[in-house]
Protein chains: 2
Amino acid sequence: MPVVKAEFNPRYEALICLLRASEALWNASRIFFAQWRLGPSQFNVLKILHDAPDGCTQAELSRALLVHRSNITGLLNRLEKRKLLERRDSKTDRRAYRVVLTAAGRRLVRRTLPHYHRAALAVWGRLSEKRVRQIVSEFGQVSRDAEQAVRPFSNQPKHART
Amino acid sequence: MPVVKAEFNPRYEALICLLRASEALWNASRIFFAQWRLGPSQFNVLKILHDAPDGCTQAELSRALLVHRSNITGLLNRLEKRKLLERRDSKTDRRAYRVVLTAAGRRLVRRTLPHYHRAALAVWGRLSEKRVRQIVSEFGQVSRDAEQAVRPFSNQPKHART
DNA sequence: CAGAGATTGTTTATGAGTCAACAATTTATA
DNA sequence: TATAAATTGTTGACTCATAAACAATCTCTG
């Protein structure tokens, strides 16, 4: 199977390891949520709306999920087609919608959530609380350093003219 | 990778933290490789081929990258169009190709790699080697537990009829 | 050897993400 | 107040991922 040669650089290995772990978690959650015909991102949307009594605008959703505005459009279209949520015109901003769960959407989240928490515990249960706290604090730093390391490039013009 | 609000459960928080970190790393690497007009996955393909003197079959690539066969097709098409690699008929299996880097592909990888290693160090440099080793060993377990937790569902029929 | 079964790569359909550009609208400022 | 600047949601073009179904081919087994 493995065609990837070792690099004898433990930090390089850690990078790969982290990415693999997150891929495994993502895949697992994809399989998990397929029970309810949901993708992980769809679940996230529903969960956020469930916690927001007055709904959200799409821009708020995109910030909460750390994804681009344009991504939210399609995500909501698919969920709206299934009548799990709806877009209502905002009373105060005629550019925006307020996105709210339907009763069916709310029921679905309530049914799903306990299963989800059980699964999360199964995944992390072996790590001690102490280790878990360490991970939380270290990874914040790693994330920030990643953004930092790449900042010199991130505002450069894409590539002038093709 | 359900990235949802805090639940007053440290393990739950760790999950979110890990996923955020891996997202940050993935985004950073997307920005990083854009310098050479490469996506992260494209770079991975080139890197693997660079380490495989006799090339790979597409199936080998898909196993090394943990992605589906069908995904490799498009990935290679884009790279082949740019003459960074080519598909040669396999001498021993008429179903398969041997995918190999062109001279240009090889040059690109060699130019890129040192920058990449520098960046990886910038990201992980704050963590001690000891901590990095811990992470590597623990995350293997977390990944396995994630797969395990989800196994009951993973062989179930997709979903009969929508 | 014949045939059953597995594997290889492609296609098609779908989901999820990026970015850039746009019209409509709000907000801030000069 | 008029206008410049920022924000909102959509679209279109692109990348990257999955799954299912297919033809061609290899491999194993009776």
Side-chain angles (χ1 to χ4, degrees), chain A residues 19 22-24 26-31 33-34 37-45 56-63 65-82 87-99 154-162, chain B residues 1-3 19 22-24 26-34 37-45 56-63 65-82 87-99 154-159 162:
Chain A
L19 291 171
S22 85
E23 197 152 305
W26 183 252
N27 283 336
S29 71
R30 203 167 32 70
I31 291 168
F33 286 113
R37 303 205 208 9
L38 289 175
S41 299
Q42 295 181 343
F43 174 76
N44 282 336
V45 168
C56 290
T57 65
Q58 298 189 188
E60 283 165 354
L61 278 174
S62 95
R63 283 187 291 264
L65 294 169
L66 301 182
V67 301
H68 195 272
R69 286 191 329 284
S70 62
N71 198 12
I72 298 293
T73 300
L75 218 41
L76 295 188
N77 287 346
R78 291 185 280 275
L79 290 167
E80 195 171 31
K81 203 174 298 173
R82 287 175 58 185
R87 287 168 164 108
R88 294 188 185 153
D89 289 331
S90 164
K91 296 280 193 284
T92 59
D93 186 339
R94 292 194 312 191
R95 295 168 303 182
Y97 295 114
R98 294 220 69 83
V99 184
S154 68
N155 279 338
Q156 228 130 264
K158 268 292 93 116
H159 47 266
R161 197 103 286 281
T162 316
Chain B
M1 85 158 100
V3 178
L19 292 168
S22 86
E23 197 152 305
W26 185 254
N27 284 336
S29 71
R30 203 166 32 70
I31 291 167
F32 181 73
F33 287 115
R37 302 213 209 5
L38 290 174
S41 298
Q42 295 181 342
F43 174 76
N44 283 335
V45 169
C56 289
T57 65
Q58 298 190 189
E60 282 166 354
L61 277 173
S62 95
R63 283 187 291 263
L65 294 170
L66 301 182
V67 302
H68 195 272
R69 285 190 330 285
S70 61
N71 198 12
I72 299 293
T73 300
L75 218 41
L76 294 188
N77 288 345
R78 292 185 281 273
L79 292 167
E80 195 172 31
K81 203 175 298 173
R82 287 174 58 186
R87 288 168 163 108
R88 296 188 183 152
D89 288 332
S90 164
K91 296 282 194 283
T92 59
D93 185 339
R94 293 193 312 190
R95 294 168 304 183
Y97 294 115
R98 293 220 69 83
V99 184
S154 67
N155 279 337
Q156 227 130 265
K158 270 295 91 119
H159 49 263
T162 317

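Chain letters run A, B, ... following the sequence lines, proteins first and then strands; every chain starts at 1.
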| remark: Rounded to whole Å, NE2 of A/His68 lies from P of C/dA20 at a distance of 8 Å

| Just how far, in rounded Å, is C1' of C/dA16 from CZ of A/Arg69? | 17 Å

| said: If the condition is side chain to side chain donor-acceptor pair (under 3.5 Å), which residues does A/Ser62 pass it with, not counting sequence neighbours? | reply: none

Is there any protein nitrogen or oxygen under 3.5 Å from a nitrogen or oxygen in nucleotides 23-25 of chain D, and what are the pairs?
unit_1 : atom_1 : unit_2  : atom_2 : d
D/dT25 : O2     : B/Arg95 : NH1    : 3.3

| query | Over how many whole Å does the gap from A/Leu61 atom CG to D/dT8 atom P extend? | reply | 12 Å

| message | Can you see if the side chain of B/Arg98 gets near the phosphate of C/dT8 - specifically, an N or O under 4.0 Å from OP1 or OP2? | response | no

| With sequence neighbours left out, what residues match A/Arg78 under salt bridge (Lys or Arg N to Asp or Glu O under 4.0 Å)? | none

| query | A/Val67 side chain: which of C/dG17, C/dT10, D/dA17 is closest? | reply | C/dG17

| query | Given D/dT7, is OP1 or OP2 found less than 4.0 Å from the side-chain N or O atoms of A/Arg63? | reply | no

| task | Return no unless some side-chain N or O of A/Gln42 is found under 4.0 Å from OP1 or OP2 of C/dA16. | result | yes

| task | Round to the nearest Å and state the distance from B/Leu76 atom CG to D/dT15 atom C1'. | result | 14 Å

| message | Below the 4.0 Å mark, does D/dT10 have OP1 or OP2 next to a side-chain nitrogen or oxygen of A/Thr73? | response | yes

| Within this structure, what is the NZ-to-C1' distance between B/Lys81 and D/dC14, rounded to whole angstrom? | 11 Å

| note | When rounded to whole Å, the CZ to P distance for the pair A/Arg78 and D/dT10 reads 13 Å

| query | Ignoring hydrogens and angles, does a donor from either the side chain of B/Ser70 or the base of D/dA19 sit under 3.5 Å from an acceptor on the other? | reply | yes

| said: Between C1' on D/dT7 and CD on A/Gln58, what's the gap in Å once rounded to a whole number? | reply: 13 Å

| query | Base, sugar-phosphate, or nothing for B/Leu75, non-hydrogen atoms under 4.0 angstrom? | reply | sugar-phosphate

| note | One should read off an interatomic distance between B/Ser41 OG and B/Arg30 CZ, to the nearest 0.5 angstrom, of 11.0 Å

| Among all residues two or more places apart in sequence or in another chain, which pass the side chain to side chain donor-acceptor pair (under 3.5 Å) test with B/Asn77? | B/Arg87

| message | The criterion is side chain to side chain donor-acceptor pair (under 3.5 Å); which residues satisfy it with B/Arg98, sequence neighbours excluded? | response | none

| Rounded interatomic separation in angstrom, taking CZ from A/Arg88 and C1' from D/dT8 | 20 Å

| said: Among residues at least two apart in sequence or on other chains, which ones pass salt bridge (Lys or Arg N to Asp or Glu O under 4.0 Å) with B/Arg88? | reply: B/Glu86

| field | CG-CG distance between A/Asn71 and A/Leu61, expressed to the nearest 0.5 angstrom | value | 11.0 Å

